[in-house]
Amino acid sequence: MPESEPDQPDDLALEQDHLERSRAALQDRHEHAGGLKAVGAAAVSEGPNVSTEYLKQVLYRRTKSLIDDPTVPLFFGRIDYDRADLPGRIHIGRRHVGGEAGGEPLVIDWRAPVALPFYRATKDDPMSVRLRRRFGFSHGRLTAYEDEDLVAGQQLETSELLEAEIAKPRTGPMRDIVATIQPEQDVLVRSEIERSVCIQGAPGTGKTAVGLHRAAWLLYTHRDPLSRSGLMVIGPNDSFLSYIGDVLPALGEIAATQETVDSVVAKANELEATGTEPAAVAVIKGDGRMAEVIRKAIWSHLRPATETLLVQRGSRQFRVPAYLADEIVQSITDRGVRYAAGREMVPQRLAHQVLLRMEAAGDSPDDRVQNAVARSRGVKVYAEAIWPAVDPEKLILRLLTDADFLAEHADGLLTEPEQAAIRPAKLPRSVKSAHWTPADLVLIDEAADVLTRTPSLGHLIIDEAQDLSAMQLRAVGRRASTGSVTVLGDLAQATTPWATTSWAETLGHLGKPEAAIEELVAGFRVPAAVIEFAGRLLPWIAPTLTPPHSIRRAKGDLRITATTAVAAELIAAVETALADQGSIGLIGSDAAIVTVQTILDDHGVRYGVLGQPPGADEDTFSNRLDLVPASIAKGLEFDHVVLLEPAAIVAAEPDPATGLRRLYVCLTRAVTSLQIVHTEPMPAELSA
């Protein structure tokens with residue numbers, strides 16, 4: 001049982017005093033960092049001082065990382081070591097807080113190696129820890145603690161403080177879970193940077209949190225290399241990125257970028273997706289076969305030499321025969337270089353042949369002569385004829401609009417009906433007039449990579465990866481070609497027409513077939529009543545997965561209301577949720593959102609609508625009640641969920657299996673209570 005302030009006033013008071021001293025020390029460091037002035041080395045020439053600008057950025061990041069949130073304690077746990085060569089006692093928190101005058105640190109960062117036993121020590125393997133203490137807190141003040149004497153074999157079977165923290169009501173975006181990381185999660189969080197990991201996680205198992213905390217751990221442990229190579233988090237949509245956006249900054253990390261696949265390829269190619277297309281067309285464009293079609297189309301631009309290259313140097317003429325030019329092209333392609341890199345080699349290779357002939361004639365040319373020959377107009381024109389430039393946008397436009405060109409390169413890869421399907425009904429006149437779709441931008445990105453290698457990041461966190469097409473996975477994977485990845489997802493929550501069917505297939509498209517596949521099935525957030533009810537769908541949507549289970553003792557609240565007066569029951573359910581603490585998500589099919597808005601407006605209920613820009617006086621997730629279209633519910637969670645018309649959510653999808661998976665997603669967004677309101681019959685698959 002937790003020991004509270006009345007039971008141990010002196011001990012808890014001492015811990016509170018330590019907390020206040022830690023806060024004061026952090027504030028001193030924040031003020032000190034804020035008062036520093038960035039002055040770089042004197043600029044050699046006029047213009048911006050790069051050193052000074054760099055130092056300003058460093059100071060800004062440092063000052064921002066030292067901002068304290070007074071509503072959250074700086075530490076959540078303590079361990080006392082039982083060995084003389086280790087620190088006697090350390091308090092563990094979200095960031096490091098140094099002691100005064102070079103003394104012992106007041107708080108140790110949870111990512112430090114010395115803090116690892118807080119998460120993994122057991123009575124069977126105490127890891128040199130005598131005592132582990134977990135704190136309870138409210139509004140920034142310590143309220144209670146639990147102790148485990150691991151050396152004496154005392155380990156709590158159930159931590160009331162841990163359960164309370166997991167189930168604590170909340171509003172606003174996602175927050176960190178450093179106080180509640182479980183041993184199996186910690187193993188994944190601290191996976192070394194060289195190791196790519198794929199985490200199949202059931203709802204409520206914390207897979208997104210694990211991915212974000214792995215990002216924080218990697219940035220802490222490998223700060224210098226990742227500051228150069230970069231770390232990116234890729235999520236399914238902007239609402240999701242807004243939801244998770246505060247987690248890494250709360251852990252003192254602001255260096256990671258957060259994007260969607262669409263935004264990554266749009267920015268990389270300086271394009272915008274303004275067009276739409278049927279899902280069936282996007283499925284074909286997202287198929288991995290398109291990569292080979294594009295590769296063949298690009299390399300088909302190579303042309304055999306048709307005449308001898310003549311180079312005039314002074315009074316002499318030097319000849320490079322056509323067959324030798326063809327051998328040059330073949331030798332370059334045999335090296336497996338990118339198309340654009342090979343194109344740059346051709347003039348130099350031709351010039352080298354001219355140099356050999358000049359030497360045979362008694363001249364003594366050097367590298368400067370070779371460079372001059374390579375840059376000469378005649379050589380450049382000749383090289384362009386046999387290895388012409390290719391523009392990725394023009395290439396994709398031609399593939400989509402020129403039936404003969406597509407047929408030439410898609411033969412044996414795409415069927416004739418598939419080729420016809422991706423041909424737009426209205427043909428754009430030029431690249432500038434084309435209304436590119438998101439799937440088109442991914443194709444352009446593929447073509448750009450065939451031409452020029454895409455720069456690689458040090459690490460990628462890819463959430464909801466089960467919903468990415470093969471071509472989207474290739475676009476993501478090439479941005480970690482020399483780095484590693486953390487893949488997060490749940491096959492049971494696959495809701496796009498092009499969704500993956502296996503993690504092995506996903507990892508293959510990512511270029512990381514060696515990645516370890518881990519499975520999380522213990523639910524920490526979704527209550528048992530909810531996960532057991534939603535689990536009835538698993539035999540129809542993902543029969544090979546291990547059914548998840550909740551480790552929370554509280555079953556949660558599940559209510560199902562059949563009604564003919566949907567407006568009245570919907571408002572009653574919302575009012576019931578509002579009477580409790582925490583965030584509320586009202587989830588319905590996308591088509592029902594406007595109707596639900598009218599109902600809420602008629603009853604004077606304040607709400608936000610996810611997926612739409614917030615009002616001028618509010619931020620995303622700033623309302624207690626959010627109206628959530630089913631299509632963007634994935635990855636989000638709310639203390640209370642009101643779910644309208646499950647059958648309509650299923651029917652809104654192109655096929656029953658996808659509809660049931662969408663419903664599974666929506667059913668599992670609740671942390672405390674789930675209220676279902678329906679007028680249509682419930683899907684038969686939910687019957688016990």
Could you walk me through whether R190 and E184 satisfy the salt bridge (Lys or Arg N to Asp or Glu O under 4.0 Å) test, starting with their C-alpha distance in whole Å, then the side-chain angles of each, then the deciding distance to 0.1 Å, before giving a yes or no?
CA-CA 10 Å; R190 297 177 195 262; E184 62 270 32; over 6 Å; no

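- The list of salt bridge (charged side-chain N to carboxylate O under 4.0 Å, His left out) pairs with a residue in residues 469-478, not counting sequence neighbours, reads D445-R478, E446-R474, E446-R478.
- Using a 4.5 Å cut-off on side-chain heavy atoms (C-beta onward), V107 and R94 make no contact.
- The pair D109-R95 does not meet the salt-bridge criterion, since no charged nitrogen lies less than 4.0 angstrom from a carboxylate oxygen.
- The shortest side-chain heavy-atom distance between V264 and V476 does not fall under the 4.5 Å cut-off.
- D17 is linked by a salt bridge (Lys or Arg N to Asp or Glu O under 4.0 Å) to R21, counting only residues two or more places apart in sequence or in another chain.
- Aromatic ring centres of H91 and F76: separated by at least 6.0 Å.
- D449 is linked by a side-chain hydrogen bond (donor to acceptor under 3.5 Å, both in side chains) to R338, T454, counting only residues two or more places apart in sequence or in another chain.
- For K512 and E505, the salt-bridge test fails: no basic side-chain N is under 4.0 Å from an acidic carboxylate O.
- Applying the 6.0 Å contact sphere to CD of Q581 captures no more than 12 heavy atoms from other residues, nucleotides or ligands.
- A salt bridge (charged side-chain N to carboxylate O under 4.0 Å, His left out) check over residues 207-224, counting only residues at least two apart or in different chains, returns the pairs R223-E253.
- The 12-atom threshold is not exceeded at CD of E270, counting heavy atoms of other residues, nucleotides or ligands nearer than 6.0 Å.
- Note that OG of S191 is 8.5 Å distant from CG of L218, once rounded to the nearest 0.5 Å.
- Residue pairs that meet the ring pair (Phe, Tyr, Trp, His ring centres under 6.0 Å) test with at least one member in residues 194-215, sequence neighbours left out, are W110-H213.
- Contact check on K267 versus E259 returns a salt bridge, with a Lys/Arg side-chain nitrogen under 4.0 Å from an Asp/Glu carboxylate oxygen.
- Here ring pair (Phe, Tyr, Trp, His ring centres under 6.0 Å) pairs that include residues 467-492, with residues two or more places apart or in two chains, number zero.
- Ionic pairing of R78 and E15 is present here: one or more N-O contacts between side-chain nitrogen and carboxylate oxygen are shorter than 4.0 angstrom.
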